[in-house]
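Single-structure report; data block below.
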Amino acid sequence: MPSELYLRMQMATGKKIFFISDFHLGSPDHQTSLHRERFIIQFLESIEHEAAEIFIVGDLFDFWFEYKTVVPKGYVRILGKLAMMTDAGISIHFFVGNHDMWMKNYFEKELSIPVYYEPKTFLRNGKKFLIGHGDGLGPGDKKYKFLKRIFRNKYSQTIFGVLPPAIGMGVANYFSRKSRSVTEQIDVKFWGEDGEWLIRYAKIKMAEEHFDYFIFGHRHLPIDFGFPNGSRYVNLGDWIRYFTFATFDGENLSLQSYKAELENLIVRN
């Protein structure tokens with residue numbers, strides 16, 4: 001019996017589950033981020049009448065750190081909108097990404113949004129989903145996996161928390177920009193079945209148990225990849241270049257773009 005906790009739910013007729021990730025609010029500057037934040041809220045308002053659940057699959061922020069009594073300045077529009085949606089009875093789940101891994105309990109206390117630090121299994125209408133941000137999964141990338149263990153360490157977080165917010169946030173934003181500059185060229189190309197490490201990770205998991213859908217972010221490229229056994233790996237893309245999201249209507253999962261002209265940029269197999 002798999003050790004993963006199955007979170008089960010039967011969806012109401014006419015409702016959908018939405019999956020979104022990689023907003024990177026705060027990047028690359030305040031004005032650009034604010035424009036993107038307003039666009040995301042427009043999207044959330046367009047779906048709230050039919051949303052049973054929303055999964056935010058990491059990197060909502062380009063950087064986030066919760067000090068004991070301080071959270072990063074800004075983002076009042078998106079935080080307010082998420083609070084209104086949970087108050088209205090819409091279930092929202094948040095998976096930490098590599099840019100906002102230093103979440104603590106702010107979302108849970110203030111927004112009633114559970115926060116997950118590792119991939120988790122969900123059962124919806126008899127379909128099994130494995131959902132996670134996607135960073136550090138699969139074979140290879142040992143350097144990043146080593147750094148992730150350091151950053152996730154509570155001792156490292158305590159040391160960072162001692163720094164005054166102005167200094168700590170400045171250092172963190174510098175490294176966030178540096179990380180994006182390294183990966184942005186990699187993110188625009190599909191590397192094939194053997195080159196995509198999240199596809200390889202999905203194959204490893206399928207050897208242990210069956211999943212209908214693997215839902216990840218992090219990759220920034222919208223991908224809908226089907227396996228011979230009927231399982232699918234879906235990468236949610238981002239809201240910087242593609243504005244993509246996935247929906248599940250109780251029977252079928254669909255990867256879409258909020259900007260119709262970008263639909264043909266989704267990698268499908």
Side-chain angles (χ1 to χ4, degrees), residues 6-25 35-60 75-95 97 107-108 110-116 120-133 211-217 222-224 226 230-266 268:
Y6 290 169
L7 301 182
R8 302 170 184 263
M9 188 186 83
Q10 203 68 20
M11 296 169 58
T13 302
K15 293 292 186 177
K16 295 180 179 179
I17 299 175
F18 290 82
F19 305 88
I20 47 181
S21 76
D22 292 273
F23 296 165
H24 287 272
L25 292 178
H35 177 76
R36 186 162 67 254
E37 184 177 2
R38 287 171 172 155
F39 188 64
I40 293 165
I41 291 170
Q42 176 185 313
F43 166 75
L44 292 174
E45 289 175 344
S46 76
I47 68 170
E48 58 187 338
H49 67 287
E50 59 180 347
E53 281 183 293
I54 298 173
F55 287 84
I56 303 174
V57 192
D59 286 356
L60 170 59
Y75 317 120
V76 294
R77 293 165 181 81
I78 189 70
L79 294 175
K81 187 61 189 177
L82 294 176
M84 290 175 63
M85 296 179 86
T86 57
D87 286 349
I90 299 172
S91 296
I92 300 178
H93 307 264
F94 185 85
F95 287 80
F107 269 39
E108 294 170 332
E110 297 295 329
L111 307 179
S112 300
I113 296 176
V115 175
Y116 309 106
K120 184 170 282 292
T121 298
F122 294 81
L123 286 178
R124 296 295 182 266
N125 284 35
K127 300 291 186 180
K128 190 188 294 187
F129 294 76
L130 183 63
I131 305 171
H133 183 59
F211 290 94
D212 295 285
Y213 302 108
F214 298 88
I215 309 292
F216 296 111
I223 302 170
D224 186 352
S231 299
R232 286 164 63 191
Y233 153 61
V234 171
N235 196 283
L236 298 170
D238 65 24
W239 282 70
I240 299 171
R241 182 183 295 111
Y242 299 106
F243 311 97
T244 38
F245 63 99
T247 63
F248 178 65
D249 64 6
E251 295 184 4
N252 300 299
L253 186 104
S254 174
L255 182 59
Q256 307 166 44
S257 174
Y258 191 49
K259 286 191 172 182
E261 68 271 19
L262 298 176
E263 280 288 334
N264 62 344
L265 297 179
I266 298 174
R268 302 184 191 276

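From a predicted model like this one, the values you see are computed outputs, not experimental measurements. Throughout, residue positions are numbered sequentially from 1 according to the sequence presented.
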(message) Checking the side chain of K15 only, and the main-chain atoms of H49 only, is there a donor and an acceptor separated by less than 3.5 Å?
(response) yes

(request) Working to the nearest 0.5 Å, report the span between CZ of R268 and CZ of R232. (result) 8.5 Å

(message) For L79 versus L111, what's the shortest heavy-atom pair and its separation?
(response) O-CD2, 3.7 Å

(message) For Y258 versus F43, what's the shortest heavy-atom pair and its separation?
(response) CD1-CD1, 3.6 Å

(request) Answer yes or no: is there a donor N or O on one side and an acceptor on the other, between the side chain of S21 and the main chain of G58, under 3.5 Å? (result) no

(request) For the pair R38 (side chain) and R77 (backbone), establish whether a donor and an acceptor sit closer than 3.5 Å, ignoring hydrogens and angles. (result) no

(request) Report the distance from atom CG of L265 to atom NZ of K259, rounding to the nearest 0.5 Å. (result) 11.5 Å

(request) Hey, could you give me the CZ/CD1 distance between F122 and I215, rounded to the nearest 0.5 Å? (result) 11.5 Å

(request) Using the six-membered ring wherever Trp is involved, compare the ring planes of W239 and F245 and label them parallel, tilted or perpendicular (cut-offs 30° and 60°). (result) tilted

(message) If you compare all heavy atoms of Y213 against all heavy atoms of E251, which two are closest, and at what distance to 0.1 Å?
(response) OH-O, 3.9 Å

(request) Ignoring hydrogens and angles, tell me if any N or O in the side chain of D212 forms a donor-acceptor pair with the backbone of K127 under 3.5 Å. (result) no

(message) Quick check: do D224 and L253 have side-chain heavy atoms less than 4.5 Å from each other?
(response) no

(message) With a 4.5 Å cut-off on side-chain heavy atoms, are H24 and I240 touching?
(response) yes

(request) Provide the closest heavy-atom pair for N235 versus L255 in the form atom of the first, atom of the second, distance. (result) O-CD2, 3.8 Å

(request) Check whether the ring centres of F39 and F243 lie less than 6.0 Å apart, and answer yes or no. (result) yes

(message) Distance check, rounded to the nearest 0.5 Å: I54 atom CD1 versus I113 atom CD1?
(response) 9.0 Å

(request) Please round to the nearest 0.5 Å and tell me the distance separating atom CZ of F248 and atom CZ of R124. (result) 9.5 Å

(request) Check whether the ring centres of F55 and F19 lie less than 6.0 Å apart, and answer yes or no. (result) yes

(request) Would you please test E53 and M11 for side-chain contact (heavy atoms from CB on, under 4.5 Å) and show each step? (result) CA-CA 9 Å; E53 281 183 293; M11 296 169 58; 5.7 Å; no

(message) For a quick test of reading the model, state the closest non-hydrogen atom pair linking T121 to K128 and the distance between them.
(response) CG2-CG, 3.7 Å

(request) Would you check if T244 and L236 make a side-chain contact, meaning some heavy-atom pair closer than 4.5 Å? (result) no

(message) Measuring only between side-chain heavy atoms, which start at C-beta, is L44 closer than 4.5 Å to I20?
(response) yes

(request) Measure from the side-chain N and O atoms of S257 to the backbone N and O of Y242, and report whether any donor-acceptor pair falls under 3.5 Å. (result) yes

(message) How close do G132 and F216 get, counting heavy atoms only, and between which atoms?
(response) O-CD2, 3.0 Å

(request) Taking salt bridge (Lys or Arg N to Asp or Glu O under 4.0 Å) as the test, write out the residues that go with E37, two or more places apart. (result) none

(request) Evaluate the side-chain contact (heavy atoms from CB on, under 4.5 Å) criterion for residues L25 and I40: first the C-alpha distance (whole Å), next the side-chain angles of each, then the deciding distance (0.1 Å), finally the verdict. (result) CA-CA 10 Å; L25 292 178; I40 293 165; 4.1 Å; yes

(request) State the CZ-CD1 distance between F94 and I56, to the nearest 0.5 angstrom. (result) 6.5 Å

